[in-house]
Amino acid sequence: MPAPTNPFKAALREGKFQLGLWVALGSAYAAEIAAGSGYDWLLIDGEHGPNDMPLIGAQLGALRGSASHPIVRPPMGEAWLLKQLLDLGAQTFLIPMVETAEQAATLVRAVRYPPRGIRGVGAGLGRASDFNRIPDYLATADEEICLIVQVESRAGLEALDDIAAVEGVDGVFIGPSDLAADMGYLGQPSASAVQEAIRDAFLRIHRHGKARGIMTVAVDQAHEYRAMGADFMAIGTDVNCLVRSIDGLRRTFLGLPVGADQKGGGY
Ligand SMILES: O=C(O)C(=O)C[C@H](O)[C@@H](O)CO
């Protein structure tokens with residue numbers, strides 16, 4: 001029996017657009033609720049969400065068997081962190097702040113077993129191998145790992161062609177907020193210079209045959225990114241949905257204008 005098929009990786013290979021949501025509440029219960037909505041993927045955010053290893057594990061458990069594929073974003077791309085996340089059962093990773101091809105190649109090696117990589121052998125202790133019940137796990141695991149690197153700085157954009165060309169990088173996700181900040185537009189990912197940079201980045205990523213990813217919390221912007229060619233995209237965050245919804249409910253009841261003072265396009 002081989003490692004579980006990664007439906008997200010398979011869908012990207014087939015060119016099927018994948019719709020996602022950011023999950024940053026740090027709650028397995030909230031992740032399970034989000035999974036009931038039918039998104040193709042949910043991003044468990046360990047970079048900005050209050051998530052540690054056991055909490056990420058609990059969320060992966062809550063999503064097991066659901067239609068929403070979990071993507072895990074660690075705070076940074078460190079091999080020791082990836083080793084633990086891999087054994088916990090994460091198969092798809094979004095790695096923040098990748099700025100060089102060397103960094104991308106190191107990440108590829110971190111998610112692969114020797115001789116192709118440096119992943120430590122211990123998945124028998126984890127959910128990844130269904131606690132050692134998957135006999136062919138070691139021989140088949142690498143193929144089901146999907147590695148997405150996040151480019152979100154001017155340095156990253158400069159090296160984008162080299163990064164996207166790295167074998168084993170399955171996709172490149174442009175982080176609009178951090179990119180905007182690095183370009184001098186802190187808090188303004190919709191600034192036209194940032195949008196032009198994203199459009200150009202998408203063209204370059206596509207030329208290398210890699211998937212293009214992005215996120216927004218504004219539906220109009222999401223349609224624009226889709227038109228630019230996004231292959232996978234988060235269209236909101238659980239935090240933002242909760243805030244909008246609970247603020248809106250109160251305001252509706254009180255007869256106050258809804259959304260007037262809500263930062264709908266914010267991140
Ligand atoms: O730069 C970005 O944009 C991202 O990396 C996504 C963010 O972390 C954030 O906007 C999620 O709300």
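Just so you know, these numbers use all the heavy atoms, side chains as well, and skip hydrogens, waters and symmetry mates. For ligands, and for the atoms within them, numbers begin at 1 and follow the listed sequence.
- Within the listing of ligand 1, atoms 4 (C), 5 (O) sit less than 4.0 angstrom from a heavy atom of Gln150.
- Contacts between Arg73 and ligand 1, counted as non-hydrogen atom pairs separated by less than 4.0 Å, involve the side chain only.
- Side-chain N/O atoms of Asn51 and Gln59 include a donor and acceptor closer than 3.5 Å.
- Listed for the Lys9 side chain is a donor-acceptor partner under 3.5 Å among the backbone atoms of Ile145.
- Of all the atoms in ligand 1, the ones that sit under 4.0 Å from a non-hydrogen atom of Asp178 are 1 (O), 2 (C), 5 (O).
- With Phe232 as the fixed residue, the ring pair (Phe, Tyr, Trp, His ring centres under 6.0 Å) test singles out one of Tyr39, Phe202, Phe8: Phe8.
- Geometrically, ligand 1 and Ser177 share a nitrogen or oxygen pair separated by less than 3.5 Å.
- Listed by number with element, the atoms of ligand 1 under 4.0 Å from a non-hydrogen atom of Glu152 are 1 (O), 5 (O).
- No option in Leu55, Ile71, Leu63 other than Leu63 meets the side-chain contact (heavy atoms from CB on, under 4.5 Å) test with Ile44.
- Side chain of Asp238 to backbone of Leu25: a donor-acceptor contact under 3.5 angstrom is found.
- Close N/O approach between Glu47 and ligand 1 is not found [any backbone or side-chain N/O within under 3.5 Å].
- Residue Pro176 places at least one N or O, backbone or side chain, under 3.5 Å from an N or O of ligand 1.
- For a threshold of 3.5 Å applied to N or O pairs, the pair formed by Trp22 and ligand 1 contains no separation below that value.
- A donor-acceptor pair is defined here as one N or O able to donate and one able to accept, closer than 3.5 Å; such a pair exists between the side chain of Thr140 and the backbone of Ala3.
- Aromatic ring centroids of Trp41 and Phe173 lie 6.0 Å or more apart.
- The shortest N/O to N/O separation between Asp45 and ligand 1 does not fall below 3.5 Å.
- Annotation for ligand 1: atoms under 4.0 Å from non-hydrogen atoms of His48 are 8 (O).
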